[in-house]
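Notes follow the structure.
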Amino acid sequence: MKESTVDNKEFTKLVFATNNKHKLEEIRNLALLHIQLLSLQDLGFTGDIPEEQDTLEGNASQKAWFIYDRYGINCFADDTGLEIDALHGEPGVFSARYAGENCSFEDNMKKVLLALEGVENRKARFRTVIALVEDAKLTTFQGEITGVITRTKQGLRGFGYDAVFLPDGFNRTFAEMDLSEKNRISHRAIAVQKLIDYLTIRYK
Ligand code: IMP
C-alpha cells in the first residue's frame, strides 16, 4: 500500500504486529527508509493476536498473517525463545510461560536453574524469528546468539532470562550489560538487522 507525502516521496506502510513499545521504538530508531511504520495501536487494534503454534517460525508467521489478512497492510511480527541443549530445546517457544500461565521472569529463571542443577552441559541460545508478510508472500529472518546458562543469577538489568544467560565470548550476563551493549549483539538485533537490510534494498 503506497501513499504520497508532503515531500512527494512514496512511503510504504508496514505494520509491526507487537504491543511491546520497546520493540517498536528499537525498530523505529533503525528504520530510516521510505517506510511508514505502523503499530497495532495506529491500526486501532486492541485485541490479542493468536499465537497457537509450536515453533517460533509458526508463531511469528501466524501473527503477521493475522494482521495482514485483517487489514490488508504488509506486516511483520517476531517471536523469541531460549533454547537449552540439555533440555532438548526447552523452554523454546514456551519461554514466556515456562513456569506456568502468568508466571514472572523470576519463576522462569528459577525453573531453568532447577532443571539444570548438577548438569554440566549448559549450552543455550536465544533465537528470534521475524516473519514478514509482504503482498501475500512470507519471508522469515532469524537471529541467534549462543551462550551458557549460569549456575546462579547474575546482574539486575534486562528482562526475561537475561540474568542467567552468559553470551559466548563475554564474561558478563545480558543482565550485567547496559542496554546498548546487549542491543549490539542480541538475537533480536541480528534478526532486526537482517530485516532492515532486506527492506533497505526494496524501499531505499
Ligand atoms: P517474545 O517472543 O519476544 O515475547 O519473547 C518470549 C519470551 O522469551 C519473553 O517473555 C522472555 O521470557 C524471553 N526473552 C525474549 N527475548 C529475551 C531477551 O532478550 N532476554 C531474555 N529473555 C528474553
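Just follow the structure's listing: the first ligand is 1, and inside any ligand the first atom is 1.
- Around NZ of K23, the count of heavy atoms belonging to other residues, nucleotides or ligands within 6.0 Å exceeds 12.
- Residues that satisfy the ring pair (Phe, Tyr, Trp, His ring centres under 6.0 Å) test with Y198, not counting sequence neighbours, are F141.
- Evaluated for a side-chain contact (heavy atoms from CB on, under 4.5 Å) with Y71, the options D69, I67, N74 yield exactly one hit, I67.
- Classified by interplanar angle (parallel below 30°, tilted 30° to 60°, perpendicular above 60°), the ring pair F165/F174 is tilted.
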Which donor-acceptor pairs under 3.5 Å do the side chains of residues 83-95 make with protein atoms, sequence neighbours left out?
unit_1, atom_1, unit_2, atom_2, d
E83, OE1, R127, NE, 3.2
E83, OE2, R127, NE, 3.1
E83, OE2, R127, NH2, 3.2
D85, OD1, R125, NH2, 3.3
S95, OG, L82, N, 2.9
S95, OG, G92, O, 2.6

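- Applying the ring pair (Phe, Tyr, Trp, His ring centres under 6.0 Å) test to F76 and every residue at least two apart in sequence or in another chain returns F16.
- Enumerated by chain and number, the residues approaching ligand 1 to less than 4.0 Å through a heavy atom are K23, D79, T80, S95, A96, F126, F159, G160, Y161, D162, K182, H187, R188.
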